[in-house]
Chemist: 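One structure, pasted below without further comment.
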Amino acid sequence: MILKGRVWRFGDDVDTDAIIPARYLNTHDPAELAKHVMEDADKEFPNKVRTGDFLVAGKNFGCGSSREHAPIAIKAAGIHAVIAKSFARIFYRNSFNIGLPIFESSEASEKIREGDMIEIDAGSGVIRDLTRGEDYRVEAIPPFMQELIAAGGLIGWTKKKLH
Amino acid sequence: MTITEKILAAHSGKPEAVPGELINARVDLILANDITAPIAIEEFKKIGAKDVFDRERVVFVPDHFAPQKDIKAAEQCRMLKEFSREHRLSLYFEVGRMGVEHALLPEQGLVVPGDLVIGADSHTCTYGALGAFATGVGSTDVAAAMATGECWFKVPESMKFIYYGTRNKWVGGKDLILHTIGDIGVDGALYRAMEFDGEAIRNLPMYGRLTMCNMAIEAGGKSGIVVPDAVTEAYARGRAKRPYTSYGSDPDARYVEIREYDCATIPLTVSCPHLPSNTKPAAELADVAIDQVVVGSCTNGRLEDLREAAAVIRGKKVNPNVRMIVIPATQQIYRDAMKEGLLEIFIDAEAVVSTPTCGPCLGGYMGILAKGEKALATTNRNFIGRMGHPGSEVYLSNPAVAAASAVLGRIAVPEEVCEE
């Protein structure tokens, strides 16, 4: 799987209230949630983001609540993947469970700039910054997580196990 | 092994659980609310399982936007009710019987020592106060567990926090945990189990332990936990709905880090905007004028919390510039607070008393902030926009500091309004 697109940058400790404010949680419709993605971090973001874009952030991305609406909103907004120095644990779980690709890379998190064009080869674990002409390595995805991805998320994995 | 490793081993049928290892464990209880259950219900249907694994171990509590705040919230709440009816769930709590989930479950004896509990709510970690392993997960995890009765976990490393000495006057579990988060940061315990110990924890009543474990997630923790003792036993006895096992940590248990705190040096503590780790002594914030005070939530909405706030505000009035909202966390707390005369004290002080709900804590309703407004709340998060407009601010404190601040219209410590 090779993903290519433009980067939007955010800082450390981006919380789930910033990703999708609780005032919009009276619905769980992905399209509705996508209209407000990252709104409290950047009010204009829902209008600026395009299908195929990437989010690049600092440490502890997705901290705070367990709301699955957060990775759902990101995915429904058409964002290919999130790259961060580290992820909060419930957000990490949720992303694999619902099939939002996320990658941990300190180097990429520090060096990639807003507006850069990047390309991720999930198979080889390399992020290529096409704007800067640099390559960064991502942390290997644990085998169990790869199993989840291959099954299309936790529901597919559970179905396989039960039937 | 640590208590956490023992509980995880016991629930995965293994003699031992080693940090870093992936396990599939049996869950004792599964929880979801009106925000997270709708997604769990839809995902559950996709699995194609005929029924839930055990109709007496799936708990649905409409508490976040309930009593139903608008049409969309009502539609979500209805999904919980219909699913509960269809699958004959014995633990669906309708408005009138419900409470804020993490106050309700321990109070009703539904969580017991030694349990493994998952909830589609990050503050599920609250139940560690009872010596249970409890952690927040997403809706899809809940859906899968509803079908299988199991959940996957990476066994966390444990981090030990030891509190020595005697707490200063008015200093409670909230101050201890805010101080700790201020020390280690919002990812200071990322992926780890936070085990609270020491003489000050042994002397801390259950409500204070629940407050501390509740906020483990605010340090990135997977769980918070206190090894059961006489306090736990007294709380669980006569309340526990199931037989239980009390686990302890072995003397040679391994901790990735041990941190020690002298309670004499822990002041009344406030988290300033916009992270729980941005802590300052309450006494240093006297120039922060506030517009709203909230006493309630899964963190500090228990009867003892209301008693502390009432002790401070008794016979006084809420400052004319402030609206004060008191939210008993469950129906039982509401009734007990009424019988004790606490609600009268709040109403005499010109505060409002609400029915149990998460409401304003997450910016749902019942006390939303306008642009530029500041609130002091006994809740758990002060992220940007948490309680309303992205241009508003939330400060976090214990109930006594909240009550004193309501009287003076600015952040204050109880000594400023109490003669004793």
Side-chain angles (χ1 to χ4, degrees), chain A residues 12-19 21-30 32 39-43 58-61 63-72 85-99 142-145 147-148 153-163, chain B residues 22 34-36 38-40 42-44 46-49 64-65 69-76 119-124 135-141 143-144 147-148 152 154 156 185-187 190-191 217-218 220-222 274-275 277 361-365 368 381 383-386 388 390:
Chain A
D12 289 340
D13 303 316
V14 172
D15 60 79
T16 51
D17 281 277
I19 298 171
R23 58 184 177 274
Y24 303 119
L25 299 187
N26 55 1
T27 178
H28 55 284
D29 174 19
E32 273 302 310
E39 187 180 288
D40 280 5
D42 175 359
K43 201 166 179 295
K59 71 175 178 75
N60 202 27
F61 185 87
C63 65
S65 97
S66 68
R67 64 189 70 156
E68 212 159 276
H69 312 64
I72 290 173
K85 189 173 280 184
S86 63
F87 291 91
R89 58 159 284 276
I90 308 179
F91 184 89
Y92 181 89
R93 257 185 112 94
N94 286 346
S95 298
F96 282 98
N97 285 347
I98 71 151
F144 175 70
M145 296 303 178
E147 227 181 274
L148 280 185
L154 183 65
I155 294 303
W157 186 84
T158 306
K159 258 174 143 170
K160 245 203 239 161
K161 205 172 104 179
L162 282 178
H163 303 300
Chain B
L22 272 171
D34 52 312
I35 303 289
T36 57
I39 297 177
E42 286 178 358
E43 296 302 309
F44 175 83
K46 287 182 196 162
I47 295 172
H64 277 57
F65 293 167
K69 81 177 181 86
D70 55 30
I71 295 170
K72 285 179 172 176
E75 298 289 350
Q76 298 213 119
D121 188 278
S122 61
H123 293 110
T124 302
T135 191
V137 296
S139 299
T140 298
D141 276 312
T148 63
W152 67 268
K154 187 160 100 177
V186 290
D187 61 349
L190 192 60
Y191 292 93
I217 180 70
E218 268 36 272
K222 183 168 195 152
H274 291 285
L275 283 177
S277 56
C361 172
L362 75 161
Y365 70 131
I368 300 305
R381 290 192 178 129
F383 301 144
I384 289 171
R386 175 72 179 177

Chemist: Tell me whether Glu68(A) contacts the main-chain N or O of Ile39(B) through its side chain, where contact means a donor paired with an acceptor under 3.5 Å.
Modeler: no

Chemist: Given Asn94(A) and Thr140(B), is the side chain to side chain contact (heavy atoms under 4.5 Å, CB included) satisfied, shown in steps?
Modeler: CA-CA 7 Å; Asn94(A) 286 346; Thr140(B) 298; over 6 Å; no

Chemist: Could you check which of Arg23(A), Arg93(A), His28(A) has the highest count of heavy-atom pairs closer than 4.5 Å to chain B?
Modeler: Arg93(A)

Chemist: Most heavy-atom pairs under 4.5 angstrom with chain B, which of Ile72(A), Asp15(A), Leu162(A)?
Modeler: Asp15(A)

Chemist: Under 4.5 Å, counting heavy-atom pairs only, tell me which of Ile368(B), Asp121(B), Thr36(B) racks up the most with chain A.
Modeler: Asp121(B)

Chemist: I need the minimum non-hydrogen distance between Tyr191(B) and Phe87(A), along with the two atoms involved.
Modeler: OH-O, 3.0 Å

Chemist: Does any backbone or side-chain atom of Asp40(A) lie under 4.5 Å from a heavy atom of chain B? Answer side chain, backbone, both or neither.
Modeler: both

Chemist: Could you tell me which of Thr16(A), Asn60(A), Thr27(A) has the largest number of non-hydrogen atom pairs under 4.5 Å with chain B?
Modeler: Asn60(A)

Chemist: Between CZ of Arg67(A) and NE2 of His64(B), what distance do you get to the nearest 0.5 Å?
Modeler: 8.0 Å

Chemist: Under 4.5 Å heavy-atom distance to chain A, tell me which part of Asp70(B) shows up: side chain, backbone, both or neither.
Modeler: side chain

Chemist: Between Leu362(B) and chain A, with a heavy-atom cut-off of 4.5 Å, which part of the residue counts as in contact: side chain, backbone, both or neither?
Modeler: both

Chemist: Could you check which of Leu190(B), Thr148(B), Val137(B) has the highest count of heavy-atom pairs closer than 4.5 Å to chain A?
Modeler: Val137(B)

Chemist: Please report the closest heavy-atom contact between Ser122(B) and Ser65(A), naming both atoms and the distance.
Modeler: OG-CA, 3.5 Å

Chemist: Hey, which of Ala120(B), Ser139(B), Gly363(B), Ala40(B) has the most heavy atom pairs under 4.5 Å with chain A?
Modeler: Ser139(B)

Chemist: Looking at chain A, which one of Phe383(B), Phe44(B), Phe65(B), Trp152(B) has the largest number of heavy-atom pairs inside 4.5 Å, strictly under?
Modeler: Trp152(B)

Chemist: With a 4.5 angstrom heavy-atom cut-off, which part of Phe91(A) approaches chain B: side chain, backbone, both or neither?
Modeler: neither

Chemist: Quick check on Ile384(B) against chain A: is it the side chain, the backbone, both or neither that has a heavy atom closer than 4.5 Å?
Modeler: both

Chemist: Counting only heavy atoms closer than 4.5 Å, note whether Ile90(A) contacts chain B via side chain, backbone, both or neither.
Modeler: side chain

Chemist: Side chain, backbone, both or neither: which part of Ser86(A) has an atom under 4.5 Å from a heavy atom of chain B?
Modeler: side chain

Chemist: Count the heavy-atom pairs under 4.5 Å between each of Asp141(B), Val186(B), Leu22(B) and chain A, then report the option with the highest count.
Modeler: Asp141(B)

Chemist: Given heavy-atom pairs under 4.5 angstrom as the criterion, report whether the side chain, backbone, both or neither of Thr124(B) touches chain A.
Modeler: neither

Chemist: Between chain A and each of Lys222(B), His274(B), Glu43(B), count heavy-atom pairs under 4.5 Å; write down the option with the most.
Modeler: Lys222(B)

Chemist: Spell out, as yes or no, whether a donor-acceptor pair under 3.5 Å connects the side chain of Arg89(A) to the backbone of Ile217(B).
Modeler: no

Chemist: Under 6.0 Å from the NZ atom of Lys69(B), do we count more than 12 heavy atoms belonging to anything else shown?
Modeler: yes

Chemist: Indicate the atoms forming the closest heavy-atom contact of Lys159(A) with Lys46(B), along with that distance.
Modeler: CE-O, 3.1 Å

Chemist: In terms of heavy-atom proximity below 4.5 Å to chain B, should Lys59(A) be classed as side chain, backbone, both, or neither?
Modeler: side chain

Chemist: So for Glu75(B), is it side chain, backbone, both, or neither that comes closer than 4.5 Å to the heavy atoms of chain A?
Modeler: neither

Chemist: Hey, mind stepping through Asp17(A) and Arg381(B) against salt bridge (Lys or Arg N to Asp or Glu O under 4.0 Å) and telling me if it holds?
Modeler: CA-CA 10 Å; Asp17(A) 281 277; Arg381(B) 290 192 178 129; 5.2 Å; no

Chemist: Should Gln76(B) and Leu25(A) count as side-chain neighbours, where that means a heavy-atom distance under 4.5 Å?
Modeler: no

